[in-house]
Amino acid sequence: MKRLFDYIARKAKKRKGFEKSEEFRFFLENRHLLTKIPRFVHFYDADIDPFEVMRANIILQAYLNKTKMEEEVKSLSGYINTSNKKNHAQFVKSYHEIITELPYYQEGKDKIFIPFFTRSLNQIYNDEPEKLLTYPYDGLADNFKDTVIDPFDTYGSELYNSHYSRLVKVQQDGKETAFFHYDTNTIYFVNEQGRLDASVVLFDRYIRHPKYSHMLERIKPVIDAYFAFDREAFLRALREQGFMSLHMLHLIRFHDWAKL
């Protein structure tokens, strides 16, 4: 149904909610940091695609977390330059009080603060921060490019269901997950590699007064129809839930179905 989704997107009601959002401002203010991570520098021009901005922001927040954690370890290092166990306990306490405010992804009992690092490295940054003052971990502050992994391949779609993202997880079916984003009024279907399979933009340009109440409840029939591969039920749900005008439905039905 990709052509159908593309057609719906072309006829979508114009909106500037995302361009005015905190997410988009964060991206514009921080995207220069992507040049420090060559593997992800392609996200620099992601501003033309909201979902790519969301992906870029996960990388940017991870980088800022990494920098903040390393800075705090150095600033608190005086506590562990002695063999005093009380001082070491104060170091750990102070460090965790600070990083608690940072965004993270919860995976079981573990917190992933830097998703472009492996789970084992994240464990060191979170549970054994004193190691960041010793070889070889002390080199990660400046030389970490060879240590970078793909966070989406590693942590999957659940990475969007975290403090890194404003996407709202709505439903999962097998290896694919449906998320909703309020600023873009779009349903995103994401696979287990954290890549976008499809997106459905709600509200076409022919709807004069869109209704934005109870969105999560109203999009459920749309998502159900998508997962059931039922085109007719999908279109019917969009229309019945107020996401598609009758005029738009007629335009689709009178199209050559082979092209949609």
Side-chain angles (χ1 to χ4, degrees), residues 1-12 17-18 21 23 39-40 42-43 46 48-59 61-62 103-108 110 112 115-116 118-119 149-204 212 214-244 252 257-260:
M1 293 197 289
K2 183 180 186 303
R3 289 182 178 178
L4 174 61
F5 297 154
D6 290 343
Y7 184 72
I8 291 173
R10 290 199 301 272
K11 296 290 186 178
F18 189 71
S21 70
E23 285 174 281
R39 183 166 183 171
F40 303 118
H42 62 279
F43 281 118
I48 60 172
D49 185 335
F51 188 74
E52 288 300 287
V53 169
M54 297 172 207
R55 281 160 52 82
N57 281 351
I58 292 175
I59 303 298
Q61 290 180 90
Y104 61 89
Y105 161 56
Q106 187 80 40
E107 187 178 57
D110 299 322
I112 306 297
F116 58 69
T118 62
R119 292 175 175 85
I149 63 170
D150 188 306
F152 308 103
D153 283 340
T154 304
Y155 302 104
S157 61
E158 281 300 304
L159 193 55
Y160 301 101
N161 186 32
S162 70
H163 297 286
Y164 292 117
S165 167
R166 293 198 174 189
L167 285 167
V168 179
K169 182 179 178 180
V170 183
Q171 190 173 329
Q172 186 170 355
D173 186 271
K175 297 179 179 180
E176 196 170 18
T177 305
F179 293 89
F180 180 67
H181 193 277
Y182 280 93
D183 287 330
T184 63
N185 288 313
T186 300
I187 304 169
Y188 295 100
F189 295 95
V190 183
N191 59 39
E192 63 179 344
Q193 285 80 37
R195 268 62 174 185
L196 186 66
D197 278 346
S199 61
V200 180
V201 185
L202 307 178
F203 304 115
D204 60 73
Y212 300 108
H214 307 291
M215 292 293 289
L216 296 183
E217 178 183 336
R218 289 162 60 201
I219 64 176
K220 293 278 280 186
V222 178
I223 294 171
D224 287 339
Y226 171 88
F227 283 138
F229 303 101
D230 191 329
R231 184 193 298 259
E232 277 300 313
F234 176 79
L235 292 172
R236 186 167 59 250
L238 285 172
R239 173 62 186 153
E240 290 176 352
Q241 298 300 324
F243 302 130
M244 178 179 286
I252 292 172
W257 280 92
K259 294 181 181 180
L260 293 179

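FYI, the numbering just counts along the sequence from 1.
To the nearest 0.5 Å, atoms NE2 (His181) and CE (Met54) are separated by 3.5 Å. How far CD of Glu192 is from CG of Asp197: 10.0 Å, rounded to the nearest 0.5 Å. Atom CG in Leu4 sits 5.5 Å away from atom CD1 in Ile252 (nearest 0.5 Å). Remark: Leu202 CG to Tyr212 OH distance equals 10.0 Å, nearest 0.5 Å. How far NE2 of His163 is from OH of Tyr105: 12.0 Å, rounded to the nearest 0.5 Å. Between the CZ atom in Phe179 and the OH atom in Tyr160 there is a gap of 8.0 Å [rounded to 0.5 Å].
Counting only N and O atoms by type, the side chains of Glu52 and His42 include no donor and acceptor under 3.5 Å apart. For Gln61 and Tyr104, the side-chain atoms include no donor-acceptor pair closer than 3.5 Å.
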Stepwise side-chain contact (heavy atoms from CB on, under 4.5 Å) check, Asn57 with Glu23: CA-CA 8 Å; Asn57 281 351; Glu23 285 174 281; 3.9 Å; yes
Show, in sequence, the C-alpha distance, side-chain angles and deciding distance for Asn161 and Leu167, and conclude whether the side-chain contact (heavy atoms from CB on, under 4.5 Å) test is met. CA-CA 7 Å; Asn161 186 32; Leu167 285 167; over 6 Å; no
Dump the intermediate steps for side-chain contact (heavy atoms from CB on, under 4.5 Å) on Leu196 and Asn191, then the final yes or no. CA-CA 6 Å; Leu196 186 66; Asn191 59 39; over 6 Å; no
Start with the C-alpha distance between Phe51 and Thr184, add both sets of side-chain angles, then the distance that settles side-chain contact (heavy atoms from CB on, under 4.5 Å), and finish with yes or no. CA-CA 9 Å; Phe51 188 74; Thr184 63; over 6 Å; no
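For the pair Val53/Phe43, no side-chain contact is recorded, criterion being any heavy-atom separation below 4.5 Å from C-beta on. The shortest distance between side-chain heavy atoms of Tyr182 and Leu216 falls below 4.5 Å. Under the 4.5 Å side-chain criterion, counting only non-hydrogen atoms from C-beta, Gln193 is not in contact with Asp150. Contact annotation: the side chain of Val170 never approaches that of Ile187 to less than 4.5 Å [non-hydrogen atoms, C-beta and beyond]. Side chains of Pro221 and Gln241 form a contact here, defined as non-hydrogen atoms less than 4.5 Å apart. In this structure, the side chains of Arg236 and Arg231 stay at 4.5 Å or more apart for every pair of heavy atoms. A heavy-atom distance below 4.5 Å is found between the side chains of Pro115 and Tyr164. Side-chain contact between Tyr7 and Lys11 is present, with heavy atoms from C-beta onward closer than 4.5 Å.
Closest non-hydrogen pair, Thr186 versus Phe180, comes out as O-CD1, 3.3 Å. In this structure, Phe5 and Ser199 approach most closely via the heavy-atom pair CB-O, 3.7 Å. Taking every heavy atom of both residues into account, Ala178 and Phe189 meet most closely at CB-CE2, 3.7 Å. Minimum interatomic distance between Phe152 and Ile58 (heavy atoms only, all atoms of both residues): CE2-CD1, 3.9 Å. Across all non-hydrogen atoms, the minimal contact from Ile48 to Pro50 is O-CD, 4.1 Å. The shortest heavy-atom contact between Ile149 and Phe40 is O-CZ, 3.5 Å.
Side chain of Ser165 to backbone of Ser162: no donor-acceptor contact under 3.5 angstrom is found. Of the possible polar contacts, none joining the Asp110 side chain to the Arg119 backbone as a donor-acceptor pair under 3.5 Å is found. Judged by distance alone, the side chain of His214 and the main-chain N or O of Glu217 form no donor-acceptor pair under 3.5 Å. Between the Asp173 side chain and the Glu176 main chain, no donor and acceptor come within less than 3.5 Å of each other. Between the side chain of Thr154 and the backbone N or O of Pro151 there is no donor-acceptor pair closer than 3.5 Å.
Electrostatic pairing of Asp153 and Arg195 counts as a salt bridge here, judged by a charged N lying under 4.0 Å from a carboxylate O. The residues Arg10 and Asp204 are annotated as not salt-bridged, no charged nitrogen and carboxylate oxygen being separated by less than 4.0 angstrom. Salt-bridge check for Lys220 with Asp224: failed, with every basic side-chain N at 4.0 Å or more from each acidic carboxylate O.
Between Phe227 and Phe234, the distance from one ring center to the other does not fall under 6.0 angstrom.
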